[in-house]
Protein chains: 2
Amino acid sequence: MGVTSGSRPGNIRRASGTGGLETDVIRVGDSIEGMRALPAGSVDMIFADPPYNLQLDGELHRPNNTRVDGVDDEWDQFESLQAYDRFTRDWLAAARHCLKDDGTLWVIGSYHNIFRVGASLQDLGFWILNDVVWRKSNPMPNFRGRRFTNAHETLIWAAKSKDSRYTFNYQSMKALNDDLQMRSDWYMPICAGSERLKDKDGRKAHPTQKPEALLHRIVVASTRPDDLIVDPFLGSGTTAAVAKRLRRRWIGLEADAEYAEIARERLARVRAVDDPTLVQLESRREAPRIPFGRLVERGFLAPGTVLYGGPKGQWTARVRADGTLVSAEAKGSIHQVGAQLQGAPSCNGWQFWQIDVEGNRVPIDVLRQKLRAETN
Amino acid sequence: MGVTSGSRPGNIRRASGTGGLETDVIRVGDSIEGMRALPAGSVDMIFADPPYNLQLDGELHRPNNTRVDGVDDEWDQFESLQAYDRFTRDWLAAARHCLKDDGTLWVIGSYHNIFRVGASLQDLGFWILNDVVWRKSNPMPNFRGRRFTNAHETLIWAAKSKDSRYTFNYQSMKALNDDLQMRSDWYMPICAGSERLKDKDGRKAHPTQKPEALLHRIVVASTRPDDLIVDPFLGSGTTAAVAKRLRRRWIGLEADAEYAEIARERLARVRAVDDPTLVQLESRREAPRIPFGRLVERGFLAPGTVLYGGPKGQWTARVRADGTLVSAEAKGSIHQVGAQLQGAPSCNGWQFWQIDVEGNRVPIDVLRQKLRAETN
DNA sequence: GGGTCACATGAATCGACTC
DNA sequence: GGAGTCGATTCATGTGACC
């Protein structure tokens with residue numbers, strides 16, 4: 001993708017790779033029209049927090065008789081399930097239009113709407129990668145004792161198609177999770193306290209403001225620096241704030257001019273991380289590919305060196321000058337020979353083959369790492 | 001509902017309340033036909049673990065090249081989303097037919113199918129009560145490092161309609177969770193070890209056997225003893241095993257004769273809890289009603305006794321001979337006067353009003369409990 | 001200034017029975 | 001079926017007043 005130049009006149013960036021598309025802006029207007037107006041295939045990631053279509057009737061009181069301030073805003077009301085489905089298909093289709101083929105879509109919802117969203121996006125050809133559960137550490141209780149505490153919301157993460165080559169920063173997620181694979185259930189508090197935007201009367205400025213921690217994880221997981229992120233239902237602007245801080249480009253669409261203004265004021269206070277290298281990703285997949293043969297070229301391994309294969313070194317093979325191996329039973333790349341000796345469909349030769357270093361067996365991958373370190 | 005008599009000839013029970021319907025049996029055959037054949041409105045709860053529309057592309061291998069034994073049985077392949085939707089609507093409609101108006105439906109699924117199931121059941125008029133997340137303590141890792149570890153499955157709990165009077169044993173769930181409301185995210189291990197049924201070659205007998213702990217919580221939460229539970233995709237029989245142990249009636253439908261046989265053998269080894277009182281639930285809502293006036297009739301409170309209202313006893317009222325209260329500002333029932341003094345829309349007088357007992361303020365509810373204990 | 005306690009509040013599809 | 005009545009029901013956090 002096109003990388004933005006370092007110099008930025010004012011707050012608005014124009015990316016060379018997207019035909020001079022104006023980014024880092026909030027546009028007031030309809031989400032669907034806004035996405036349709038974007039160039040086809042210009043967006044790396046879309047985060048959408050659409051209306052949930054809650055159907056509250058009557059008032060709800062806490063056991064101490066205070067009234068619960070529920071989401072009864074006009075923008076969350078739909079005439080019927082069918083009307084909600086039409087709306088959902090329309091905005092998903094517009095999202096598909098502006099998303100790159102290798103881009104991904106995130107949607108958040110609750111049981112009121114998420115099943116309709118999930119079914120619609122599958123119908124449109126999106127390929128679900130994960131459903132992720134945001135477990136709230138401090139949800140509102142069920143005051144009448146009639147159901148389980150509604151303690152989570154659901155996110156769907158989807159690629160544009162089954163064979164998409166989407167971005168997933170596996171190593172960053174693993175690092176965020178104490179070197180264990182990041183799971184599909186995330187535990188985080190709701191947005192409250194000083195992070196929660198208030199109006200001049202001290203009331204919440206937006207009824208459904210999302211926590212920045214949630215967007216942080218999403219952005220780090222599924223985008224790279226300078227990627228373009230679009231939020232078609234920007235609301236209070238959490239997506240844009242996190243994108244700006246993490247040095248991604250962004251466009252926010254918001255139909256309500258008051259919400260847009262709240263978000264603009266918020267964005268003006270957000271600073272991007274100073275050092276661009278801090279938002280660079282740690283990812284083995286991103287590391288430059290190094291053919292095994294280069295180790296031979298560069299003298300890290302002399303032709304004829306004996307490699308030991310398998311956890312106990314029970315197989316052996318010798319290195320040839322072109323970077324292929326030869327053993328008693330097979331010849332070919334480090335991966336092919338490893339696979340054939342084991343009778344396995346595939347093999348990671350970098351881990352399978354070892355050399356003797358001062359009496360110890362060490363995977364040849366350490367040589368690759370040494371070469372990479374020199375190259376950087 | 002009709003309650004089965006204590007004596008049971010053999011293993012099969014005939015419930016008087018359901019027209020002599022034969023229960024506690026496994027029926028081999030099509031799920032949809034099986035549910036259609038049940039009397040309309042005869043079932044208290046349905047638990048369904050329908051086939052997932054998994055689309056494993058070729059074979060999946062772990063890094064050490066052992067093959068992942070995925071769900072690729074013939075019954076789990078569907079040509080298209082449309083075919084899956086037809087199947088889903090058909091079995092859900094059949095479930096609706098046999099479910100009581102006040103019965104509930106549980107469905108479990110993963111992101112492959114749960115959005116389609118959820119949307120279909122909403123289309124059919126089911127009213128979602130909760131989506132519940134089963135967080136697996138020991139999920140299968142993501143071997144390719146291309147997604148988040150898929151560490152949960154989703155359950156939908158739904159009533160037949162919006163105004164259903166469904167069963168929810170709130171106090172039992174709260175008791176199960178250290179006296180805090182049970183949340184919508186449940187943490188449990190997958191079914192493994194000695195609980196996992198094996199065939200004679202030591203391989204798992206069923207690919208998607210559910211843990212009994214999961215069904216235990218579901219059954220305790222949403223049914224009462226002697227309720228009729230139907231599982232239209234019985235598989236290895238976990239639902240029936242838990243239902244039998246907890247003294248619920250049950251019917252299992254299973255298309256595969258081999259699975260049905262496995263489940264039959266399993267059920268033969270399951271014993272119901274000996275003492276029926278152990279599966280009785282404590283429920284405040286179902287306790288016999290006692291009018292406040294009866295405390296006066298029975299001499300627990302003399303007319304003229306002073307009651308103290310509110311957490312600090314800041315209000316007072318006196319008891320009249322007919323069981324109404326009179327204060328400086330209001331008269332009426334314990335609830336009416338409590339609500340009026342607080343300026344609240346409603347009030348539970350049993351908790352609001354207190355009496356002096358040896359210098360301590362005690363809610364008048366303790367007198368009600370004393371009277372209830374005498375009556376039993 | 002520190003500790004305690006009261007109070008506020010959050011995407012909520014939040015009764016049942018009698019007359 | 002509508003109105004009236006009984007009576008069951010909350011957890012985690014942050015803030016601010018008050019010792």
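B:R285 comes within contact range of the sugar-phosphate backbone alone, with a heavy-atom separation under 4.0 Å but no base atom that close. B:R284 comes within 4.0 angstrom of the backbone, heavy atoms only, and of no base. At a threshold of 4.0 angstrom between heavy atoms, the contacts of A:N142 include nucleobase atoms, whether or not backbone atoms are also involved. Within the nucleic acid shown, B:P311 has no heavy atom closer than 4.0 Å to any nucleic acid atom. Among the atoms of the strands shown, base atoms are found under 4.0 Å from some heavy atom of A:L54.
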Hey, can you pull the donor-acceptor pairs under 3.5 Å for the side chains in residues 311-321 of chain B, sequence neighbours left out?
| from | atom 1 | to | atom 2 | distance (Å) |
| --- | --- | --- | --- | --- |
| B:Q314 | OE1 | B:K312 | N | 3.1 |
| B:R320 | NE | B:T324 | OG1 | 3.1 |
| B:R320 | NH2 | B:T324 | OG1 | 3.3 |

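Scored by the ring pair (Phe, Tyr, Trp, His ring centres under 6.0 Å) test, B:Y166 finds B:W157 as partners (sequence neighbours excluded). By the ring pair (Phe, Tyr, Trp, His ring centres under 6.0 Å) test, A:H112 is found to be paired with no residue, residues two or more places apart in sequence or in another chain being considered. Residues meeting the side-chain hydrogen bond (donor to acceptor under 3.5 Å, both in side chains) test with B:N348, sequence neighbours left out: none.
Mapping heavy-atom proximity under 4.0 Å, the span of DNA chain C touched by chain A runs 5' to 3' from C:dT9 to C:dA16.
Looking at every heavy atom in both residues, A:W91 comes nearest to A:M35 through O-CE, 3.3 Å.
Taking a cutoff of 4.0 Å between a charged side-chain nitrogen and a carboxylate oxygen, B:D226 and B:R248 do not qualify as a salt bridge.
Taking only side-chain nitrogens and oxygens, B:Q171 comes nearer than 4.0 Å to OP1 or OP2 of D:dT9.
Within residues 81-91 of chain A, no residue has any heavy atom under 4.0 Å from DNA chain D. Residues from residues 108-115 of chain A lying near DNA chain C, meaning a heavy-atom separation below 4.0 Å, are A:Y111, A:H112 in numerical order. Within residues 186-218 of chain A, the residues having any heavy atom under 4.0 Å from DNA chain C are, by residue number, A:I190, A:R196, A:K204, A:P207, A:T208, A:K210.
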Dot-bracket pairing map - DNA chain D, Watson-Crick plus G-U, both contacts under 3.5 Å, | cross-strand | .|||||....|||||||||

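Every pair passing side-chain hydrogen bond (donor to acceptor under 3.5 Å, both in side chains) that includes a residue from residues 189-202 of chain A is listed here, sequence neighbours excluded: A:D201-A:R203.
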Any protein N or O atoms within reach of nucleotides 2-7 of chain D? Criterion: under 3.5 Å, listing atom names and distances.
| from | atom 1 | to | atom 2 | distance (Å) |
| --- | --- | --- | --- | --- |
| D:dC6 | OP2 | B:S333 | OG | 3.1 |
| D:dG7 | OP2 | B:H335 | NE2 | 2.6 |
| D:dG7 | OP2 | B:W350 | NE1 | 3.2 |
| D:dG7 | N7 | B:C347 | O | 3.3 |

Set out, line by line, the N/O atom pairs under 3.5 Å between protein and nucleotides 17-19 of chain D.
none

